[in-house]
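One structure is given here, and the rest of the page talks about it.
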2 protein chains.
Amino acid sequence: MLQGRCTTQKLAIAAVLRDIHDHPSALLIHERVRESLPNISLATVYRNLENMVAAGFINAIAGAPECRFDANTMPHHHFLCQGCHTLSDVPATGAGVSLLYPDSIDGCAVTGAQLLFSGYCQACMPGRPSAF
Amino acid sequence: MLQGRCTTQKLAIAAVLRDIHDHPSALLIHERVRESLPNISLATVYRNLENMVAAGFINAIAGAPECRFDANTMPHHHFLCQGCHTLSDVPATGAGVSLLYPDSIDGCAVTGAQLLFSGYCQACMPGRPSAF
DNA sequence: TTTTATGCAAAGTCTTTGCACTCAC
DNA sequence: GTGAGTGCAAAGACTTTGCATAAAA
């Protein structure tokens, strides 16, 4: 799982990612890791996250103001609330979502697809009765 | 289409967006607008883009290093090449892509969906014969 | 005239980079 | 001992904000 040398910092970052099940930004990950490793630098967090994304251990989620990370590498989609900017998981199947796409589009090799839904969560539903 | 007062700056930005058919970043838009309006400030470009996104006149595309904008408000998807970071349009239908989703997921109202494919364009196809 | 929009400049936020030092191997 | 990995600090890139001025209505 970990590449290269096994450092305390890498283990601490991996442990945080394993425990967090929401979609933390790099800054939040740094904050959490500092609980167990107060001296770890933000640059180290960024460098290790970059390596983990490259290794496929975590996913980088596009679409939020900052880049967020996701330790859940199972295929799934995301929902971004436009009210509170919360990012939540949407199962790849079972939520009524159906996505099919070919391996290549217009001669381009497609290696992955990110589906980002936007809208409003129950708490942020604008101008609608809460019974919606 | 334009909200509020009709200023030279708004018209110039709208004209640039109408002419550009790729997916310019805010900085690139600023550069292009300066060709006709050399004194326009970057802050004005950002403020107007924000207004146009809010008004639904253009879309903000998530997933690129910087936020990019898209004057094409017809439903369509995007392909981000991991080699050259070029962002291109994928027709909503006709490219073999099939996407179906409900109006609400887990009690959240879904107002839109962005589908971002990633992979490699023909020029960046890694370690594969160009005849792929 | 009134009020919104702009330009300028500064600050804010997130991310990357350079370099000397440390520690896993 | 060697070199990958780290901490620190600075810089970089993109975006937002404050305020006086300009211009649309």
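Lettering follows sequence order; numbering is per chain, from 1.
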In Å and rounded to the nearest 0.5 Å, what is the OG1 to CD1 distance from Thr7(A) to Ile13(A)?
-> 7.5 Å
d(CG, Leu37(B); C1', dC8(C)) in whole Å = 15 Å
Go through the steps for Ile58(B) and Leu49(B) under the test side-chain contact (heavy atoms from CB on, under 4.5 Å), then give the verdict.
-> CA-CA 8 Å; Ile58(B) 58 173; Leu49(B) 289 174; 3.7 Å; yes
For Ile40(A), answer base if it contacts any base atom (sugar-phosphate contacts may also be present), sugar-phosphate if it contacts only those atoms, and nothing otherwise; contact means non-hydrogen atoms under 4.0 Å.
-> sugar-phosphate
Hey, is the side chain of Gln9(A) poking within less than 4.0 Å of OP1 or OP2 on dC23(C), counting only N and O atoms?
-> no
Given dT6(C), is OP1 or OP2 found less than 4.0 Å from the side-chain N or O atoms of Thr7(B)?
-> yes
Thr44(B) side-chain N/O to dG7(C) phosphate OP1/OP2 under 4.0 Å = yes
Can you tell me the distance, in whole Å, between the NE2 atom of His30(A) and the P atom of dC8(D)?
-> 9 Å
Would you please confirm or rule out a distance under 4.0 Å between OP1 or OP2 of dT6(C) and any side-chain N or O of Asn48(B)?
-> yes
Write down the distance between CG (Leu28(B)) and P (dT15(D)), rounded to a whole number of angstrom.
-> 12 Å
May I have the distance from Tyr46(B) (atom OH) to dA9(C) (atom C1'), rounded to whole angstrom?
-> 16 Å
Out of dA9(C), dC14(C), dT15(C), minimum distance to the side chain of Leu27(A) belongs to dC14(C)
Send over the distance from Leu49(A) CG to dT16(C) P, rounded to a whole Å.
-> 10 Å
Out of dC14(D), dC8(C), dA25(D), minimum distance to the side chain of Cys6(B) belongs to dA25(D)
Going by heavy atoms in the side chains, are Cys6(B) and Leu11(B) under 4.5 Å from each other?
-> yes
Close side-chain approach of Leu115(A) to Val90(A), heavy-atom, < 4.5 Å = no
Gap between atoms CG and P, on Asn51(B) and dT15(D) respectively (whole Å) | 16 Å
Please state how far atom CD in Glu50(B) lies from atom C1' in dT15(D), giving the value in whole angstrom units.
-> 10 Å
Given dC14(C), dT15(D), dT17(D), the nucleotide with the shortest approach to the side chain of Leu42(B) = dT15(D)
Just how far, in rounded Å, is P of dA22(D) from NZ of Lys10(B)?
-> 20 Å
Under the 3.5 Å rule, do the base of dG3(D) and the side chain of Arg5(A) count as making a donor-acceptor pair?
-> yes
Taking C-beta and beyond as the side chain, do Leu116(B) and His77(B) meet within less than 4.5 Å on heavy atoms?
-> no
